[in-house]
Trainee: 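Here it is, the structure in full.
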Protein chains: 2
Amino acid sequence: MALSAKKEGFVHLLDSAAMITSNNRKGLGPGRPVATTHGEIEQAAFRLFAERGFDGTTMAAVAQAVGVGRRTLFRYYESKNDIPWGQFDRTLDNFRTILDEMPEELPLHQAVHRAVLRFNEFPPDAQPPHRERMTLILRTPTLQAHSVLRYGDWRAVIAEYVARRQGLRPDDVMPQMVGHVSLALALTAYERWLEQPAASLQDLLDECMRQLRDYLTD
Amino acid sequence: MALSAKKEGFVHLLDSAAMITSNNRKGLGPGRPVATTHGEIEQAAFRLFAERGFDGTTMAAVAQAVGVGRRTLFRYYESKNDIPWGQFDRTLDNFRTILDEMPEELPLHQAVHRAVLRFNEFPPDAQPPHRERMTLILRTPTLQAHSVLRYGDWRAVIAEYVARRQGLRPDDVMPQMVGHVSLALALTAYERWLEQPAASLQDLLDECMRQLRDYLTD
DNA sequence: TAGAGTAATGGCACTCAGCGCCAAAAAGGA
DNA sequence: TCCTTTTTGGCGCTGAGTGCCATTACTCTA
């Protein structure tokens, strides 16, 4: 019951709309009400990560900052590594929708590429915090490692789409390959994006795709 | 001093030749002689991993199996996750050599592709244990995650080669992209290889490359 | 052959992530 | 007020990883 952080105020970047629906039983129905929210935890955690670094921040410290028990923290996030990713699974639902909305007439590679572009569009004011989040994820070795699991989910979404359009199974070579390569391009673009605050993610993604074509065609 | 495992007998698959030179001061020079070798540790560890699973095997158990102190184990391998990778850095030296030996006349993408093929060639008798090792690495979530760091080193080798041939810096978009995409293809091929014991790694790598071309050309 | 020097060993104690267990807290409803 | 429901959070454990340091087991030299 220590001094708790302010409620809300930090909208989950990867998840702006979905945030509202999450944690919706703040008092409805029977049972003890929740003591915190994902947003609140992330707000406190990101502040500490910025101050002491990711590895230098203990879960106990985050718990104290949020004003909640350490044990409770582990009910909101499976692990410390999961905090920076927020509720990525919701974001993936969005990605699925984007892919499904791509016109069937569009050649497969264009459909996938455009969907990836679309998926990485953010309103201007959401960019700085998103960059902060991605810097943490892409530059912290511990998180780099853990992120593979998230990337795997992301790839699976693409593989499923490709498989459906091609009449294949998601675990066939072609869908898997497209998932892997799409991720490769996205990661290349993101790493560049962190170093060049000026460039847009979309332009960088386009450039990576162009470079890949150049590379492959003699 | 418990019952220690037999010396040698398990040649590091990713590292057959280099193995001999490692741990060469088994009594030379002053100071206490080493109590074990990387090979010995891996042999014991892989046996336990097979029996109880990776997560079900504690470092204490490995230490006991080797007949060495737990503390000593951490001097041979930075972490439990590093054991399955063996001395991958030596293997990377080999990869560098392979790339450097590629004829300059060869188009860049062919040079890289052939080098990757070459890098993944193993004598027939080395295949079963190599498959076992890769199964462990690619199918154990904990290891999947940790492997990114190794992949990063692998990508760096490619990026350096591409940068040199193109007169660019290794951290430019093009070299980075080639590194990422090459890894993407390799991982796709490896995953397939684990499921299809019959197919050769080379054929699968070729097929992945072919699929990528098909995918990109309308 | 008795040190002297050297380098690896391994025990101890510590931090921290993560998890199972369970009593207590805090709501709503009868 | 009591019962039901659900979350909380404290306690205690396992296991990875690390710093510290005395001990061990060699080689070399006088």
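In what follows, chains carry the letters A, B, and so on, assigned in the order in which the sequence lines appear, proteins first and then strands, with residues in each chain numbered from 1.
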Trainee: Does CZ in Arg114(B) sit with more than 12 non-hydrogen atoms of other residues, nucleotides or ligands closer than 6.0 Å?
Mentor: no

Trainee: Checking Thr140(B) against Asp55(B): is there a side-chain donor and acceptor pair closer than 3.5 Å?
Mentor: no

Trainee: Compare the minimum distances between each of dT18(D), dA17(C), dT7(D) and the side chain of Phe74(B), then state the nucleotide with the smallest one.
Mentor: dT18(D)

Trainee: Calculate the interatomic distance between Arg70(A) atom CZ and dG10(D) atom P; express it in whole Å.
Mentor: 11 Å

Trainee: Rounding to an integer number of Å, can you tell me how far Leu73(B) CG sits from dA8(C) P?
Mentor: 16 Å

Trainee: Do NZ/NE/NH1/NH2 and the carboxylate oxygens of Arg150(A) and Asp153(A) come within less than 4.0 Å?
Mentor: no

Trainee: Given atom CG of Leu48(B) and atom C1' of dG15(D), what is their separation to the nearest angstrom?
Mentor: 16 Å

Trainee: Take the protein atom CD of Glu40(A) and the nucleotide atom P of dT8(D), then report the distance between them rounded to whole Å.
Mentor: 11 Å

Trainee: For dG15(D), does either OP1 or OP2 sit under 4.0 Å from a side-chain N or O belonging to Thr58(B)?
Mentor: no

Trainee: Considering only NZ, NE, NH1 and NH2 on the basic side and carboxylate oxygens on the acidic side, decide whether Glu42(B) and Arg133(B) come within less than 4.0 Å.
Mentor: yes

Trainee: Looking for any heavy atom pair under 4.0 Å, which part of the strands does Thr142(B) touch: base, sugar-phosphate only, or nothing?
Mentor: nothing

Trainee: Looking at Phe74(B), I'd like to know if the NZ or CZ of Lys80(B) sits under 6.0 Å from its six-membered ring centre while staying within 45 degrees of the ring's axis.
Mentor: no

Trainee: Would you say Arg192(A)'s side chain and Asp171(B)'s backbone share a donor-acceptor pair under 3.5 angstrom?
Mentor: yes

Trainee: When the distance from CG of Asp55(A) to P of dA16(D) is rounded to whole Å, what number comes out?
Mentor: 18 Å

Trainee: Can you tell me how far P of dG15(D) sits from OH of Tyr77(B), to the nearest Å?
Mentor: 22 Å

Trainee: Counting heavy atoms from C-beta on, name the nucleotide in dG9(D), dT9(C), dA17(C) closest to the side chain of Thr72(A).
Mentor: dG9(D)

Trainee: Side chains of Asn120(A) and Tyr190(A): any donor to acceptor distance under 3.5 Å?
Mentor: yes

Trainee: Can you figure out which of dT18(D), dG28(C), dG10(C) approaches the side chain of Pro30(A) most closely?
Mentor: dG28(C)

Trainee: When the distance from NZ of Lys80(B) to C1' of dG15(D) is rounded to whole Å, what number comes out?
Mentor: 8 Å

Trainee: Between the protein and nucleotides 19-23 of chain D, list every N/O to N/O distance that falls short of 3.5 Å.
Mentor:
residue: dG19(D); atom: N7; partner: Arg71(B); partner atom: NH2; Å: 3.0
residue: dG19(D); atom: O6; partner: Arg71(B); partner atom: NE; Å: 2.7

Trainee: On the nucleotide dT8(D), are OP1 or OP2 found under 4.0 Å from the side-chain N or O atoms that Tyr76(A) carries?
Mentor: yes

Trainee: Round to a whole Å and report the spacing from CD of Gln64(B) to P of dG15(D).
Mentor: 13 Å

Trainee: On the nucleotide dA17(C), are OP1 or OP2 found under 4.0 Å from the side-chain N or O atoms that Ser79(A) carries?
Mentor: no

